[in-house]
Every structure is written in structure tokens, then in C-alpha cells.
Amino acid sequence: MPERMAVFAVELLGSPAAERMAQRPPGGPEHQADTAERAHQVVRRGVRTSVVEGSFLGGPFMALLPIAFCGALLAQVRMVLELAALSGRDPGDETVVADLLVIQGVHPTVAQAEEALRQARPAAGGGSAKAGWWSTVRRLAYLIGLVTPQEHPRGRLRGAAVWAGTIALVLVGFVVPFVWVPVCAETYRRATNQLAVVAARHFALNGGTGVLPQGGPAGRRPTLRPGLLLVTVRVLLACLVPVVIVGVVLAADLRFGDQHWSVMLLAVFAVAAITALVWYLRRR
């Protein structure tokens, strides 16, 4: 799937990315500064779009989870291809597909990515090659941006804690579905910024971290970050909403079919749907 998705993304988004970056032809003594500023704009737009597309979840919209992941992924890919165009590469060229797989962390080297692409072509016609279950989960986690390549790989204990937290979030999300909005927003913001750094270094564009807008992550970050604290507060508030709804339903003695729980369930999903819809429309 990662190989086919990369081929599809380059075919779909490569030429538009090249045309968009060619609208202001390079030249003049300020070319380097202009390239840096345009790289900032590309990353800023890519982060904002991936956050909006990937976070439109909550209540009944949980059914859109695969679509949201794909929307966020394509926003990330478009950003990478535009950075490739700024570095002088042709984002619509087939060779960029292997670069994209390396940047996403699917394969460690371009040579291995090219070999995987050669194997993926006959597999698309009904081949029997299969990957292990854990390998598939890990590759998809990289693909959708939940996990990104790290400069300093996590230790086993920290890696296990990250995966445990992700699983716990999924379980909580089934009970309080609109916690996905702030959590996914922070996840995609961090993942897309990190992806931009990896892409810029891969394409030798302005030294890597120079592509990040002011306020983006660069190098080691402090343990306590304002963005993470804000997300934590929002998640806690989201978890309190069902408690408030239950209290209101019981206090007002609201019933449907002589039962309280059905009214509670409908109210929770209605609030989640309205919250997610308003959040999406305001940022779209």
C-alpha cells in the first residue's frame, strides 16, 4: 500500500506542485531568501491543511476516519513535492516516488525503496507477497503520519509508552469521540513539521530546519510545551462534556422510550458532531 500510494500521489500531485512553484521563476540576488520564504509558506500551508483534514473527527464523523487520514496524507505529500520543486527536482518525475518513501520512513534508503517499487508492480496484478501483521501496522503508522522518522530514535520503553498511549486514545475515542479533534490536530501538526524537516534535509534545501515557520519544532524541544499543555486541557474538557450531558439529562429527567441512556447517547453524539463541524468550517 505505501508504494502504490506514493506512485498515485506523485502522478496526481506532481505536475500541479511543479506548476505552483514555477509561478514565480527564480533569479536575482534575492533568490536564496525568496526560496526560504516560499519554503516557509509551503510548510505553513501543508501543516494547516493536514491538521484540518486529519482532525475532522468526532461523533458520527468517526466513520470518516479513513478519508480523514488519506486527506491529511495527501496534504503532507503535496508539501513534500513542493519542497522538492523548490530544490530544483521535478516533483512529477518517477524517481521522486522512491524519495517520497524514504522521507515517509517506509524504507531507509532510496535503493531499497526502488527495489520495493519493482516488487510492488507485479504484486498489483495479483501477486502473493504478504507482510507480517506488525510490519503492516508499523508501515501504515508511518504512512498516515502517526509516527515519523526521528533524529534520535526512541528507546524501547519510551516507544512502548507512545504505542500504549495511542491504543488508549483509540479506546477513549470510542467513548468520547470528539477528543480526536484536539489530539489529532496536535499529532498532525507535530508530524507534518517533522516531515518537513526530513524532506528539506533529503532534498538539501536550506539546511533542513530552515524551512520551518517561526514557532515550529527545531532540534530538541523542552519537556513541557505550551501546545501540548493546551491539547491536554482540551482533552480533559472534552472528557468532562459527557459527564455534564449525563448530569443535565438526569436532572431534567429527559427520557426516550422511558429510558435515560438513549437520550444521553444521542446528546453526546450530537454535541460531538456539532463541535467537529464548527471546528472544521472555521479552519477550512
Side-chain angles (χ1 to χ4, degrees), residues 2 6 9 13 17 20-21 35-57 68-87 91 99-106 140-154 158-159 162 165-166 169 180-235 279-280 283-284:
L13 303 174
R20 191 177 298 109
M21 294 299 100
T35 300
E37 176 59 29
R38 297 185 70 189
H40 289 175
Q41 295 173 0
V42 166
V43 174
R44 192 179 300 114
R45 181 172 59 247
V47 171
R48 184 173 62 247
T49 306
S50 67
V51 165
V52 172
E53 296 295 339
S55 305
F56 183 46
L57 303 168
F69 279 155
C70 288
L73 173 64
L74 290 176
Q76 291 178 340
V77 170
R78 183 176 69 176
M79 177 192 71
V80 172
L81 294 178
E82 290 179 356
L83 291 176
L86 287 176
S87 72
D99 294 292
L100 180 58
L101 290 171
V102 172
I103 291 168
Q104 288 178 319
V106 180
L140 289 177
Y142 277 111
L143 185 67
I144 62 181
L146 291 178
V147 181
T148 53
Q150 301 289 324
E151 277 188 25
H152 307 283
R154 298 187 179 102
R158 188 181 175 191
V162 170
T166 302
L169 175 64
W180 282 104
V181 174
V183 171
C184 283
E186 174 63 15
T187 298
Y188 277 110
R189 182 178 292 109
R190 185 172 62 250
T192 308
N193 271 313
Q194 181 64 27
L195 190 70
V197 172
V198 175
R201 288 177 178 168
H202 184 87
F203 294 122
L205 184 65
N206 293 338
T209 55
V211 303
L212 289 178
Q214 187 175 2
R220 288 187 174 274
R221 295 167 295 180
T223 302
L224 183 61
R225 301 190 301 276
L228 183 59
L229 182 60
L230 180 61
V231 170
T232 302
V233 172
R234 287 175 175 172
V235 168
W279 187 93
Y280 181 82
R283 288 160 176 78
R284 179 62 179 170

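Residue numbers start at 1 and run along the sequence shown.
Between A85 and A17 the shortest heavy-atom distance is CB-O, 4.4 Å. Annotation for F203 and I103: closest pair CE1-CD1, 3.6 Å, computed over non-hydrogen atoms. Closest of all the heavy-atom pairs between V77 and A9 is CG1-CB, 3.5 Å. When all heavy atoms are compared, the tightest approach of A75 to T49 is CB-CG2, 3.7 Å. Nearest heavy-atom pair across Q76 and S50 is CG-CB, 4.1 Å. Shortest non-hydrogen contact noted between V51 and A185 is CG2-O, 3.6 Å.
Remark: R48 engages R44, R45 in a side-chain contact (heavy atoms from CB on, under 4.5 Å) (not counting sequence neighbours). Applying the side chain to side chain donor-acceptor pair (under 3.5 Å) rule to E53 yields the partners R284; only residues at least two apart in sequence or on another chain are considered.
Taking the side chain as every heavy atom from C-beta outward, R20 and V42 never approach each other to under 4.5 Å.
Atom NE2 in H202 sits 9.0 Å away from atom CG in L100 (nearest 0.5 Å).
In terms of modelled atom types and a separation under 3.5 Å, the side chain of R38 and the main chain of M21 share a donor-acceptor contact. Looking at T192, its side chain never comes within 3.5 Å of a backbone N or O of R189 through a donor-acceptor pair.
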